[in-house]
Amino acid sequence: QVQLVESGGEPVQAGGSLRLSCAASADTLSRYCMGWFRQGPGKDREGVAVIAGVSVTSYKDSVKGRFTISKDDAKNTPYLQMNSLNAEDTATYYCAAAEGPSSNWARVRFHESTYKYWGQGTQVTVS
């Protein structure tokens, strides 16, 4: 069982930056793939950034070049650095963990069902 607790969300002005953190209870995150998802007002939850292994990252097109996902296995903490934020980034952001990666990781990495463990979310509001 892995417990995840996000932090770092807060109101921010357009063009600003935030770094989200996700404290994990697992002995180590080294065997987990981590994802950051978000759910904006009136929208479905969507994957924005995922990381497998030490540094194999993937991003939703709308955040490429602005968001960076990373994972500090020694601290059991994944991060999401978000720069050049705009109103469309307003959402509740969730951290999620999946055992793997599976052989079809490239196809399922942004699917919610791929991830077994979820945090409660942290709110990011861009104005």
Side-chain angles (χ1 to χ4, degrees):
Q1 185 76 11
V2 177
Q3 293 183 330
L4 303 172
V5 180
E6 303 93 337
S7 63
E10 62 183 52
V12 63
Q13 291 188 339
S17 298
L18 284 175
R19 188 175 81 155
L20 305 183
S21 301
C22 176
S25 66
D27 290 339
T28 176
L29 290 182
S30 62
R31 64 185 183 93
Y32 291 95
C33 301
M34 304 301 299
W36 284 97
F37 288 72
R38 69 184 181 187
Q39 186 168 20
K43 298 180 181 179
D44 294 332
R45 189 156 59 181
E46 61 180 3
V48 294
V50 300
I51 185 167
V54 177
S55 59
V56 180
T57 58
S58 303
Y59 298 92
K60 175 180 171 64
D61 285 347
S62 64
V63 307
K64 284 181 181 177
R66 300 189 299 123
F67 289 12
T68 302
I69 187 172
S70 60
K71 185 172 64 152
D72 187 333
D73 287 340
K75 295 182 179 180
N76 273 1
T77 304
Y79 301 96
L80 184 67
Q81 177 67 43
M82 305 186 295
N83 299 327
S84 302
L85 287 162
N86 58 60
E88 293 298 308
D89 297 317
T90 293
T92 300
Y93 283 74
Y94 299 89
C95 174
E99 294 185 1
S102 61
S103 59
N104 61 346
W105 172 250
R107 184 170 61 84
V108 302
R109 58 196 174 193
F110 286 115
H111 295 185
E112 290 187 52
S113 60
T114 298
Y115 297 82
K116 184 175 181 180
Y117 304 105
W118 290 83
Q120 294 300 306
T122 185
Q123 179 66 37
V124 173
T125 303
V126 186
S127 60

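Only a predicted model underlies this, so the values are computations on that prediction, with no experimental measurement involved. In this chain, residues are counted from 1 in sequence order. Computation of the quantities below employed the complete heavy-atom set of this structure, encompassing side-chain atoms and omitting hydrogens, waters and symmetry-equivalent molecules.
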So, for [X] and [Y], which heavy atoms are closest and what is the spacing to 0.1 Å?
X	Y	answer
Ser84	Asp89	O-OD2, 4.3 Å
Leu85	Leu18	CD1-N, 4.0 Å
Thr92	Gly121	CG2-CA, 3.8 Å
Arg38	Ser62	NH2-OG, 3.7 Å
Tyr115	Gly35	CE2-N, 3.7 Å
Tyr32	Ala97	CD2-CB, 4.2 Å

Evaluate the side-chain proximity of [Y] to [X]: yes if any heavy-atom separation is below 4.5 Å, no if none is.
X	Y	answer
Leu20	Glu6	no
Thr122	Ser7	no
Met82	Val124	yes
Val2	Lys116	no
Cys22	Tyr79	no
Ser102	Val108	yes
Val63	Trp36	no

Q. Any donor and acceptor pair, going by atom type alone, linking the side chain of Asp72 with main-chain N or O of Lys75 inside 3.5 Å?
A. yes
Closer than 3.5 angstrom, by distance alone: can the side chain of Thr90 be matched with the main-chain N or O of Val126 as a donor-acceptor pair? yes
Note to self: Quick one, Gln1 with Tyr117, criterion side chain to side chain contact (heavy atoms under 4.5 Å, CB included). Give me CA distance, side-chain angles, the key distance, then yes/no.
What the structure shows: CA-CA 8 Å; Gln1 185 76 11; Tyr117 304 105; 4.0 Å; yes
task: I would like to know whether Tyr59 and Ile69 meet side chain to side chain contact (heavy atoms under 4.5 Å, CB included); could you show each step before the answer?
output: CA-CA 9 Å; Tyr59 298 92; Ile69 187 172; 3.5 Å; yes
Ring-plane angle category for Phe67 and Tyr93, please: parallel below 30°, perpendicular beyond 60°, tilted otherwise.
tilted
Looking at [X], I'd like to know if its [atom1] atom is crowded, meaning that more than 12 non-hydrogen atoms belonging to other residues, nucleotides or ligands lie closer than 6.0 Å.
X	atom1	answer
Gln3	CD	no
Gln123	CD	yes
Gln39	CD	yes
Asp44	CG	no

Could you tell me the separation between the [atom1] atom of [X] and the [atom2] atom of [Y], rounded to the nearest 0.5 Å?
X	Y	atom1	atom2	value
Cys33	Arg109	SG	CZ	11.0 Å
Lys71	Leu80	NZ	CG	14.5 Å
Leu4	Ser25	CG	OG	7.0 Å
Arg19	Thr68	CZ	OG1	11.5 Å

Quick one: do Trp105 and Met34 end up in the same hydrophobic cluster if we chain Ile, Leu, Val, Met, Phe, Trp and Tyr together by side-chain heavy atoms under 4.5 Å apart?
no
- prompt: Do Asn86 and Arg66 pass the side chain to side chain contact (heavy atoms under 4.5 Å, CB included) test, and can you show the C-alpha distance, the side-chain angles, and the key distance before you say yes or no?
  reply: CA-CA 10 Å; Asn86 58 60; Arg66 300 189 299 123; 3.6 Å; yes
- Task: Might you work through the side chain to side chain contact (heavy atoms under 4.5 Å, CB included) test for Trp118 and Arg45, ending with a clear yes or no?
- Result: CA-CA 12 Å; Trp118 290 83; Arg45 189 156 59 181; 3.7 Å; yes
